[in-house]
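Notes follow the structure.
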Amino acid sequence: MNKKWQIYETDENKIKELQEKYQMNQLLATILVNRKLTEKEDIRLFLEPTRKDFHDPFLMTDMEKAVERIIKAIEEQEKVTIYGDYDVDGITSITVLKSFLQDRQLEVETYIPNRLEEGYGLNQKAIEKIAHQGCQLMITVDCGISAIEEIKYANLLGIETIVTDHHEPGSELPEAIAVIDNKRKDSKYPFRELAGVGVVFKLIQAIGMKLGLKEEEYLKYLDIVCVGTISDIVPLVNENRVIAKLGLMLIRQTKNIGLRSIIQSSGYSKIDSNSISFGIAPRINACGRMGKAEEALELLLSKNYNQVSELTQRLNRHNQIRQETEKSIFENAVKQIEKENLNEKNAIIVGGENWHHGVIGIVSSKITEMYFKPSILLSFEEDGIGKGSGRSIPGFDLHDALMQCMDTIEKFGGHSMAVGITVKKENFMKFRKEFEAITQEAQIDKILPVIQVDSKIDVKDINKDMVESLKQLEPFGEGNRMPVFVFKNLKIDSIRALSEGKHLKLTLKDNSTIINSIGFNLGHLAEEYRIGDKIDVVGVLEINSFNGVDSLQINMKDMMRSL
């Protein structure tokens, strides 16, 4: 598929100014200018944030009320329950708050809804259970902002509630003692993109300040806060950047034996945002997807080496089952797409019998990535109700489109890029047709995947030190992607496909300079190019260490013939 290469309009004068002023190389200066980081304080905050760079937690609406109520619960040894979500953000949020309150000698209960039986967020049956245990104060983490009726019900049963969340509130806020969410319309807090665990961190920071504790008493949880933040794909800028940068340092020497065990079992030698996103997060998330979220929570809270070892094995097993289930649904969906030529449509909507609800969203993401089209996958139960997930592409608002299909949908929720949806089997074909018409009108076929390119550079101008300097920009993630460069007019010196045609390996020549290039999932291009062809390449610069020898290589995202 054709991709659009979008190169930043670079301000050469600003780049030179940064190079001279801060004694940095052109590559680093270019990226900082592209990220609009040109003032001294902004550059320092981005490259070298410290614990002094956290905002004042009391700037958050309702923080004072929440802190006072929790201190009262500590002093009076009240019965407190933390109610959280079953994903990494939710589980790390519960871990941090429970551990912090236990350190204050307050034993707290926890409740995580079962994804497969109860679904997301608060529900009345769960609140009845919590009330039955004699709970006086319930604190929600990573959920609760839209639980208007459920919190009214909790009030009726004599439970007071503090909501901590980071999702968009509706027109009405829950009737809780305190509602801490920076996406509130009346929020004066300078940053609105914290993950759920980031909001919890601000809560324990505020309690710590109020109780006159040393900073270490809340900063020691930054390893767990960092895992939740990076896993929740919030933008790694501003306060999230401080959390991620300081948190990664702490993870490398973490005292949390559960976290240490899961890192070791994931097989990653380097601890960075990548090993969290692809090593730690899938294992914790697999528990929630398989309806076993408590096991991940137990792992992060455990102080017992034998229990940690057993739980780590269980997490790995859940992750393996999740991968097998996902593979089976994916293959099933692709068969259906090819059989019905759905890849020729503007959107892909497929359904299957009893597909696993916990993994259907990941499969939808993969289908969207593979075909670069919005996709919706539905799993039909015996009662003829189809529940599923949808994912979109940049430039097409999925939530908006589904608002126009209300006559064929039972219910749905989410945002522009991802939704959860329920459709009756009898309405499936009608819904598919209706949705296809909307995507046709939106001219989805004209939307191309865009690769944002930081700069054009010549291979002869780069060296190992220059590439090493880019590490200062880590951690990479949402809102701070890895820098991508374009290399023009390179001659193919050697070309071959690897891993049964899946990947592509090239040696490229720029006059007398030679550089290796690897293209993951680009193996199909091996047949289109020959030795001697002149090509342009976009990719990430990296240092490849093999047999103790370091060499520069381009991790290729796309290539085309030179004009």
(Q) Please determine whether side-chain hydrogen bond (donor to acceptor under 3.5 Å, both in side chains) holds for the pair D397 and H399, giving the CA-CA distance in whole Å, both sets of side-chain angles, and the decisive distance to 0.1 Å. (A) CA-CA 6 Å; D397 190 322; H399 191 277; 5.1 Å; no
Q: Could you go through the salt bridge (Lys or Arg N to Asp or Glu O under 4.0 Å) check for R35 and D454 one step at a time?
A: CA-CA 9 Å; R35 304 277 198 274; D454 281 278; 3.2 Å; yes
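E295 and R314 are joined by a salt bridge, as a carboxylate oxygen and a charged side-chain nitrogen come within less than 4.0 angstrom of each other. Residues R241 and E193 are not paired through a salt bridge, judged by the lack of any N-O separation under 4.0 Å between the basic side chain and the carboxylate.
Heavy atoms from other residues, nucleotides or ligands lying under 6.0 Å from CD of E12 number more than 12. Within 6.0 Å of NZ in K220 there are more than 12 heavy atoms belonging to other residues, nucleotides or ligands. In this structure, Q102 places its CD atom where more than 12 heavy-atom neighbours from other residues, nucleotides or ligands lie under 6.0 Å away. Within a 6.0 Å radius of CD1 in I233, other residues, nucleotides and ligands contribute 12 heavy atoms or fewer. Around the NZ atom of K245, the shell of radius 6.0 Å holds more than 12 heavy atoms that belong to other residues, nucleotides or ligands. Residue E542 places its CD atom among more than 12 non-hydrogen atoms of other residues, nucleotides or ligands, all under 6.0 Å distant. Counting heavy atoms of neighbouring residues, nucleotides and ligands inside a 6.0 Å radius, atom CD of E216 exceeds 12 of them.
Counting heavy atoms from C-beta on, the side chains of L301 and K98 come closer than 4.5 Å. Proximity of I543 to K464: side-chain heavy atoms (C-beta onward) are separated by under 4.5 Å at one or more points. L246 places a side-chain heavy atom less than 4.5 Å from the side chain of V242. Two residues are said to be in side-chain contact when any heavy atoms from C-beta on lie closer than 4.5 Å; Y111 and I82 fail this criterion. Using a 4.5 Å heavy-atom threshold, the side chains of I74 and I70 count as touching. In this structure the side chain of N238 reaches within 4.5 angstrom of the side chain of H55, judged on heavy atoms. Counting only heavy atoms from C-beta outward, the side chains of M24 and L32 approach each other to under 4.5 Å. Considering only heavy atoms from C-beta on, M417 stays 4.5 Å or farther from L398 through its side chain.
For the side chain to side chain donor-acceptor pair (under 3.5 Å) test, residues two or more places apart in sequence or in another chain that qualify with K210 are E64. Scored by the side-chain contact (heavy atoms from CB on, under 4.5 Å) test, L59 finds D56, Y189, P190 as partners (sequence neighbours excluded). For the salt bridge (Lys or Arg N to Asp or Glu O under 4.0 Å) test, no residue two or more places apart in sequence or in another chain qualifies with E118. The side chain to side chain donor-acceptor pair (under 3.5 Å) test applied to D85 returns no partner, not counting sequence neighbours.
Looking at every heavy atom in both residues, V227 comes nearest to I276 through O-CG2, 4.0 Å. The two residues C226 and A244 come nearest to each other via the heavy atoms SG-O, 3.8 Å. Contact record, I180 with M63: CD1-SD, 3.8 Å, taken as the closest heavy-atom pair. Annotation for D181 and S187: closest pair O-CB, 4.5 Å, computed over non-hydrogen atoms. Looking at every heavy atom in both residues, P57 comes nearest to K202 through CB-O, 3.4 Å. Across every non-hydrogen atom of E175 and I151, the tightest pair is O-CG2, 3.6 Å.
A distance-only check finds a donor-acceptor pair linking the side chain of T368 to the backbone of S364 [under 3.5 Å]. T95 places no side-chain N or O within donor-acceptor distance of the main-chain N or O of S93, the cut-off being under 3.5 Å. A donor-acceptor pair under 3.5 Å is absent between the side-chain atoms of S261 and the main chain of I257, judged by distance alone. No donor-acceptor distance shorter than 3.5 angstrom exists from the side chain of R51 to the backbone of L219, with no hydrogens or angles considered.
Put simply, the residue from D53, V237, L37 that forms a side chain to side chain contact (heavy atoms under 4.5 Å, CB included) with L45 is D53.
For residues 150-161, the set of pairs meeting the salt bridge (charged side-chain N to carboxylate O under 4.0 Å, His left out) definition, not counting sequence neighbours, comprises R69-E160, E149-K152.
Relative to the ring axis of F46, R44 does not place its NZ or CZ within 45° and under 6.0 Å from the centre.
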Please table the atom pairs, donor to acceptor, closer than 3.5 Å between any side-chain atom in residues 278-290 and protein atoms at least two apart or in another chain.
from: R283; atom 1: NE; to: N316; atom 2: OD1; distance (Å): 2.7
from: R283; atom 1: NH1; to: G279; atom 2: O; distance (Å): 2.9
from: N285; atom 1: OD1; to: V88; atom 2: N; distance (Å): 3.2
from: R289; atom 1: NH1; to: G358; atom 2: O; distance (Å): 2.7

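Between Y86 and Y120, the angle of the ring planes goes over 60°, which puts this pair in the perpendicular group of the 30/60° scheme. Using cut-offs of 30° and 60° for the angle between ring planes, the F201 and F54 rings count as tilted.
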